[in-house]
Amino acid sequence: MRWLTLDGLVVIILAAGLGKRMKSKKPKILHTLAGQPMITYVVRQAIALTPERTIIVIGNHTEEIKNYIRDDSVEFVYQMEQLGTGHAVSATGDMLNDFDGTILILCGDVPLISIESLHRLIDVHRTERNHLTCITTTVTNPEGYGRVIRDDKGRLLKIVEEKDATDIEKKTKEINSGIYAVEKKFLYTALKSISNENIQGEYYLTDIINVGITEGAKMGTIGVENPIEVMGINDRRELSEAERYLRKQKLNDLMLNGVTIYDPENTYIHTCVTIGRDTTIYPNTFIEGNTTIGEDCVICPNVRIIDSRIGDSVIIKDGCVIMNGEIENNVSIGPFAHIRPETIIGKGAKIGNFVEIKKSTIGEDTKAMHLSYIGDATIGKGANIGAGTITCNYDGFKKHRTIIDDGVFVGSDTQFIAPVHIGRGAVIGAGSTITKDVPPDALAISRVEQVNKNGWSLKRQSKVKSLKLKSKNRKGK
Ligand code: UD1
Ligand code: CA
């Protein structure tokens with residue numbers, strides 16, 4: 001056997017499968033785990049090994065998949081028809097004509113594999129000078145996995161898929177992870193010898209083990225202790241199990257780094273999120289996407305924060321939704337506020353109950369405490385936005401901006417008919433509908449003047465009394 005060479009490493013990720021068991025329109029590998037498509041976890045591990053090349057075998061939904069993997073070092077190859085894992089690896093053959101070395105085969109649907117296990121696989125593979133080394137593990141329920149069949153001396157004999165296994169083989173608890181280190185020359189030579197004569201009519205990559213043994217090649221295995229690492233995600237139950245595992249890992253990591261999480265069972269934080277020390281997270285919170293939260297913040301119950309940057313010492317009170325926002329230090333938001341995309345809230349600002357803000361900048365120390373809609377607005381520093389203030393930003397065709405300069409005082413129940421500009425230090429009388437720009441330091445008031453009619457109520461009361469008396473007399477007759 002002269003197949004063995006130990007130079008270089010190429011990673012192949014199998015990701016063309018149809019993922020039928022997900023019952024989805026979306027390719028399986030794009031289903032998300034803790035906020036990221038499952039394939040991105042596998043690609044990250046591949047890249048961390050600094051291989052010469054990383055090749056992903058993909059089938060349908062090519063553009064969608066490429067969109068998520070924007071890494072120039074990753075190459076793609078198409079497997080037009082999904083005829084099995086062996087067939088998928090064969091699709092890479094032409095790309096690797098000039099390569100000679102170790103190929104690490106990963107599965108797009110086995111995303112939790114640790115970098116330590118991959119290093120160990122390659123180490124053992126190279127130290128033992130194997131032609132193929134496979135990661136296996138022992139599980140209590142091997143359902144759905146290929147079973148590892150050994151001879152009476154414990155040597156690897158073959159891997160048999162569940163659908164092709166005998167009742168005795170099915171009882172084996174040692175399963176194939178679908179992850180292998182394999183020597184290039186052996187791999188492509190052996191692939192030529194496999195057939196699709198099995199229950200599924202597929203070309204199984206695992207069959208190269210039988211080929212190797214027949215040809216006298218050296219086959220090895222390494223075991224991983226934690227089966228979750230090699231868990232294959234084939235259906236939505238497994239997707240949620242992997243999600244739970246990643247979530248727990250993330251929360252542990254945050255807690256070990258100084259974040260208080262009252263109830264980890266009911267806190268949902270995506271992998272990419274960063275949170276500073278001494279921040280406290282109450283239960284039933286969802287912190288998602290590329291969100292950064294600073295130190296000493298308090299995130300109260302029932303809050304959802306997506307793709308946002310939150311500074312230090314910020315309090316987000318109960319029931320808020322923040323999406324794509326930038327919240328500076330010492331801000332207080334909520335309860336029940338909705339911060340929509342492209343909003344910047346300046347240092348020390350206070351946003352209160354039932355306030356919705358969209359595509360707006362709120363200056364330092366400005367307050368909008370109650371029941372307001374602020375859309376397409378730029379509000380300066382130290383302004384006060386009274387309860388019930390509405391920016392009427394949409395005329396049915398276009399959106400218009402409202403500009404409110406520093407120190408403006410807006411009385412309650414004001415409507416700004418945008419576009420409109422309120423000068424620095426101006427005061428808007430409560431209940432006004434502002435249709436024109438207001439100069440700095442002016443008072444703008446647009447409500448109808450009040451009229452008081454003395455004694456009017458008394459006259460009304462006596463009229464009501466006499467009407468009531470008449471109707472009683474009528475009934476009495
Ligand atoms: C496979 C293994 C099984 C192992 C399990 C571990 C084979 C024959 N079986 O089974 O022994 O226990 O993984 O999770 O290898 N793929 C392609 N093209 C295809 C078919 C599959 O790219 O034509 C890709 C899939 O996208 C997936 C991976 O290969 O990422 C594994 O395919 P899947 O159909 O999920 O295999 P399993 O039945 O899980
Ligand atoms: Ca699988």
Side-chain angles (χ1 to χ4, degrees), residues 11-22 24 26-31 37-43 45-46 55-62 65 76-92 105-113 132 134-139 141-149 156-165 169-170 172-180 182 187 190-191 194-211 221 223-224 227-239 241-242:
V11 179
I12 296 174
I13 302 174
L14 304 184
L18 300 171
K20 283 187 208 142
R21 289 165 276 182
M22 291 299 277
S24 176
K26 200 160 62 171
K28 172 165 70 176
I29 52 152
L30 291 186
H31 280 263
M38 100 175 62
I39 184 76
T40 59
Y41 289 85
V42 185
V43 172
Q45 302 300 51
I55 302 168
I56 311 186
V57 184
I58 52 176
N60 300 323
H61 302 87
T62 317
I65 293 169
F76 296 90
V77 64
Y78 307 103
Q79 184 197 16
M80 295 308 175
E81 262 187 294
Q82 282 69 53
L83 302 180
T85 47
H87 182 259
V89 175
S90 298
T92 61
I105 299 174
L106 302 175
C107 286
D109 66 348
V110 183
L112 303 180
I113 187 71
L132 177 145
C134 165
I135 299 185
T136 75
T137 194
T138 303
V139 291
N141 177 14
E143 193 192 323
Y145 290 97
R147 309 294 204 278
V148 176
I149 309 299
L156 179 62
L157 269 186
K158 62 174 178 176
I159 288 167
V160 58
E161 293 309 297
E162 180 165 278
K163 289 188 177 140
D164 302 290
E169 285 169 337
K170 275 187 196 151
T172 308
K173 303 266 196 252
E174 187 183 5
I175 56 124
N176 169 29
S177 67
I179 297 173
Y180 324 83
V182 48
L187 174 64
L191 278 172
I194 63 171
S195 81
N196 63 351
E197 284 161 22
N198 49 54
I199 297 275
Q200 302 189 78
E202 287 184 2
Y203 293 91
Y204 295 158
L205 176 59
T206 41
D207 282 354
I208 63 172
I209 292 170
N210 311 37
V211 176
T221 59
V224 292
I228 196 98
E229 261 199 55
V230 295
M231 175 188 183
I233 296 173
N234 297 309
D235 62 31
R236 309 226 190 195
R237 294 170 309 172
E238 288 155 346
L239 187 72
E241 201 181 316

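Reckoned from all heavy atoms, side chains included, excluding hydrogens, waters and symmetry mates. Order of appearance sets the numbers: ligands from 1, and atoms from 1 within every ligand.
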Hey, is ligand 1 close enough to [X] that some N/O pair sits below 3.5 Å?
{"X": "Ala16", "answer": "yes"}
{"X": "Gly232", "answer": "no"}
{"X": "Gly144", "answer": "no"}
{"X": "Gln79", "answer": "yes"}
{"X": "Asp109", "answer": "yes"}
{"X": "Leu205", "answer": "no"}
{"X": "Glu161", "answer": "yes"}
{"X": "Ala88", "answer": "no"}
{"X": "Tyr180", "answer": "no"}

Counting C-beta onward and ignoring hydrogens, is there a side-chain heavy-atom pair between [X] and [Y] closer than 4.5 Å?
{"X": "Cys134", "Y": "Ile159", "answer": "yes"}
{"X": "Tyr180", "Y": "Leu205", "answer": "yes"}
{"X": "Leu187", "Y": "Ile105", "answer": "yes"}
{"X": "Gln82", "Y": "Lys20", "answer": "no"}
{"X": "Val57", "Y": "Thr92", "answer": "yes"}

Using a 3.5 Å distance criterion without hydrogens, assess whether the side chain of [X] forms a donor-acceptor pair with backbone atoms of [Y].
{"X": "Thr138", "Y": "Lys173", "answer": "no"}
{"X": "Arg236", "Y": "Met22", "answer": "yes"}
{"X": "Thr136", "Y": "Glu174", "answer": "no"}
{"X": "Asn198", "Y": "Glu202", "answer": "yes"}

Counting heavy atoms only, which of [options] is nearest [atom]?
{"atom": "atom 36 (O) of ligand 1", "options": "Met38, Arg21, Gln200, Lys28", "value": "Arg21"}
{"atom": "atom 12 (O) of ligand 1", "options": "Leu18, Thr206, Asn176", "value": "Asn176"}
{"atom": "atom 14 (O) of ligand 1", "options": "Ser177, Gly178, Ala15", "value": "Ser177"}

Starting from [atom], locate the nearest protein heavy atom and write down its residue, its atom name and how far away it is, to 0.1 Å.
{"atom": "atom 24 (C) of ligand 1", "answer": "Leu14 CB, 3.7 Å"}
{"atom": "atom 20 (C) of ligand 1", "answer": "Gly84 C, 3.7 Å"}
{"atom": "atom 28 (C) of ligand 1", "answer": "Cys107 SG, 3.8 Å"}
{"atom": "atom 31 (C) of ligand 1", "answer": "Thr85 CG2, 3.8 Å"}

Between Gly108 and Ile13 the two heavy atoms that sit nearest each other are N-CG2, 3.9 Å

On a heavy-atom basis, the closest approach of Tyr145 and Met231 is OH-CA, 3.5 Å

Salt bridge check, Glu238 against Lys28: does any charged N sit closer than 4.0 Å to a carboxylate O? no

inquiry  = Under a 4.0 Å threshold between the charged nitrogen and the carboxylate oxygen, would Arg147 count as salt-bridged to Glu162?
reply    = yes

Among the N/O/S atoms of Asp109, select the one at the shortest distance from the Ca ion (ligand 2) and name it.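 Distance check against the Ca ion (ligand 2) picks out OD2 in Asp109.
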
(request) Might you check, step by step, whether the distance between atom 16 (N) of ligand 1 and some protein heavy atom is under 4.0 Å? (result)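 Looking at atom 16 (N) of ligand 1, one finds that a protein heavy atom does lie closer than 4.0 Å.
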
So if I count the atoms of ligand 1 from 1 in the order they appear, which ones are less than 4.0 Å from some heavy atom of [X]?
{"X": "Gly146", "answer": "3 (C), 4 (C), 11 (O), 12 (O)"}
{"X": "Gly17", "answer": "16 (N), 17 (C), 18 (N), 21 (C), 22 (O), 24 (C), 25 (C), 26 (O)"}
{"X": "Leu83", "answer": "23 (O)"}
{"X": "Gln82", "answer": "23 (O)"}

Counting heavy atoms under 4.0 Å, the part of Asn234 that contacts ligand 1 is side chain

Exactly one candidate in Ile179, Ile135, Leu14 meets side chain to side chain contact (heavy atoms under 4.5 Å, CB included) with Val110; the answer is Ile179

